[in-house]
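Working notes, beginning with the structure itself.
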Amino acid sequence: MSGYHAPVLVDEVVRLLRPERGGLYLDGTVGGGGHSEAILRAGREAGARVIGVDRDPEALAEAAERLSEHAARFEGRRGNFADEAERPGEELAGAVLDLGVSSHQIDSTERGFSFRPGSPLDMRMGVEVWLTAADVLNRYEEDELVRVLREYGEEPRARPIARRVVGRREERPFHTSDDLKEVLDEVYGRGLTVQDQARIHQALRIEVNGELEALDRALPALRERLLPGGVLVVIAYHSLEDRRVKNAFREWSRACVCPPELPVCVCRGAPLGETLTRKPVRPTAEELERNPRSRSARLRGWRKAA
């Protein structure tokens, strides 16, 4: 087992994807290669293949090493999963997106994904991303900061935080998590919690990496690339991601999407597929004990019509 990143809900991913059928699978967020490894092992006899995509070259290097015994059936590609989904290519028997930040990225202080003291305000998932969290705090106008904090962090004190950020950077720029915490301490006082800090860091990370825009692009593109009967599995870690996945799967599973005021159906008239998870699948108590960071994971699956 790699120490890079503990894969979440592996058994459920394999059960839904059914790699024992063979075919090509896309692991759009390969991380350390945990889900890819499970797919390749389960689909060994059927010759299942995996394309593993990640923006982080360190993740791809780790995945390649972990999957060396499956090298003939695994191809690593560096990039954004949305770009890969939209790229013309072979149809997919299945795809999995494990969204969010890997344990390795969180634990690497220099990457700036945590709010440990001294962490740089970076948060870039890939080397191609030019914007950092420090850039957002140092350059965005107050209204832009309010938008980021409200839309991506659902932050109730977005306006006072944004106002204080703008005032503080006139004195000295933001560089580390300590600089941001000074502002949060001023706004929240003694009421600042770890959850508050996590929510605000989440908002900055989503803005830096364009995470929700990538998900909005990838979902319909992956649906189109699936073979009939192919399965898409998405693991989300906060409500903004999960709501998008839930709504997309629900809409694709409806026979009619016409406005209710139309007397006759003029749309597709048949569902594009079916949702495989009535409710999101959550980690078991045993998995939570092994990997506490999986506690917020919510898995949903959808199968394309045959």
Side-chain angles (χ1 to χ4, degrees), residues 8-30 35 39 43 48 50-53 79-100 151-152 206 210-282 296-306:
V8 176
L9 294 163
V10 173
D11 292 343
E12 191 66 17
V13 168
V14 171
R15 184 185 71 82
L16 290 171
L17 289 181
R18 298 180 293 161
E20 65 276 5
R21 301 175 299 159
L24 178 64
Y25 293 80
L26 175 68
D27 184 349
T29 45
V30 75
H35 288 118
I39 293 166
V50 172
I51 294 173
V53 179
N80 187 309
F81 62 77
D83 294 335
E84 183 64 35
E86 293 176 337
R87 179 179 300 164
E90 187 177 346
E91 291 181 299
L92 302 170
V96 57
L97 299 177
D98 183 5
L99 305 173
E151 289 186 12
Y152 301 153
I206 290 173
E211 293 174 40
L212 296 181
E213 292 88 342
L215 183 59
D216 288 340
R217 288 170 51 207
L219 288 173
L222 288 173
R223 181 196 69 208
E224 291 306 306
R225 282 195 64 183
L226 287 176
L227 287 162
V231 173
L232 172 60
V233 174
V234 183
I235 304 172
Y237 293 85
H238 55 77
S239 59
L240 297 176
E241 295 170 337
D242 185 57
R243 192 178 304 129
R244 280 168 159 76
V245 177
K246 178 181 69 175
N247 290 340
F249 287 2
R250 178 184 294 165
E251 194 273 339
W252 301 347
S253 302
R254 292 169 54 192
C256 176
V257 293
C258 292
E261 61 270 18
L262 287 182
V264 179
C265 175
V266 294
C267 70
R268 59 187 180 232
L272 300 176
E274 62 174 324
T275 300
L276 301 175
T277 47
R278 189 174 63 86
K279 293 181 179 180
V281 179
R282 306 299 294 267
S296 59
R298 287 166 273 191
L299 179 151
R300 297 182 187 270
W302 182 83
R303 182 166 57 223
K304 190 170 185 177

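Note that the structure is predicted; figures quoted are calculated from it, not measured.
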Would you say that [X] contacts [Y] through its side chain, given a criterion of any heavy-atom pair below 4.5 Å between the two side chains?
X: Leu9; Y: Val233; value: no
X: Arg244; Y: Asp216; value: yes
X: Leu272; Y: Trp302; value: yes
X: Leu232; Y: Leu219; value: yes

Not counting sequence neighbours, which residues clear salt bridge (Lys or Arg N to Asp or Glu O under 4.0 Å) with Arg250? List them please. none

Looking only at heavy atoms, what is the nearest atom pair of [X] and [Y], with distance?
X: Leu97; Y: Gly28; value: CD2-CA, 3.8 Å
X: Ala82; Y: Ala214; value: CB-O, 3.4 Å
X: Ala95; Y: Leu226; value: N-CD2, 4.4 Å
X: Leu215; Y: Glu241; value: CD2-O, 3.9 Å
X: Pro271; Y: Ala305; value: O-CB, 4.3 Å

Atom [atom1] in [X], atom [atom2] in [Y]: separation rounded to 0.5 Å?
X: Phe249; Y: Arg254; atom1: CZ; atom2: CZ; answer: 16.0 Å
X: Ile206; Y: His238; atom1: CD1; atom2: NE2; answer: 3.5 Å
X: Asn247; Y: Arg243; atom1: CG; atom2: CZ; answer: 8.0 Å
X: Arg225; Y: Leu24; atom1: CZ; atom2: CG; answer: 7.0 Å
X: Tyr25; Y: Leu92; atom1: OH; atom2: CG; answer: 10.0 Å

Leu299 and side-chain contact (heavy atoms from CB on, under 4.5 Å): which partner among Val245, Asp98, Leu16, Val234? Leu16

The side-chain contact (heavy atoms from CB on, under 4.5 Å) partner of His35 among Val14, Val50, Val10 is Val10

Where at least one partner belongs to residues 297-306, residue pairs that pass salt bridge (charged side-chain N to carboxylate O under 4.0 Å, His left out), sequence neighbours excluded: Asp242-Arg300, Glu274-Arg303

side-chain contact (heavy atoms from CB on, under 4.5 Å) between Glu151 and Leu240, intermediate numbers included: CA-CA 9 Å; Glu151 289 186 12; Leu240 297 176; over 6 Å; no

For [X], side chain to side chain donor-acceptor pair (under 3.5 Å) partners two or more places apart:
X: Arg15; value: Glu12
X: Asp11; value: none
X: Glu91; value: none
X: Thr275; value: Ser253

Give the intermediate values and the outcome of side-chain contact (heavy atoms from CB on, under 4.5 Å) for residues Glu211 and Leu99. CA-CA 9 Å; Glu211 293 174 40; Leu99 305 173; over 6 Å; no

With no hydrogens and no angle check, is any side-chain donor or acceptor of Arg21 less than 3.5 Å from a backbone partner on Ala93? yes

Evaluate side-chain contact (heavy atoms from CB on, under 4.5 Å) for Tyr152 paired with Leu212, printing each intermediate quantity in order. CA-CA 9 Å; Tyr152 301 153; Leu212 296 181; 3.7 Å; yes

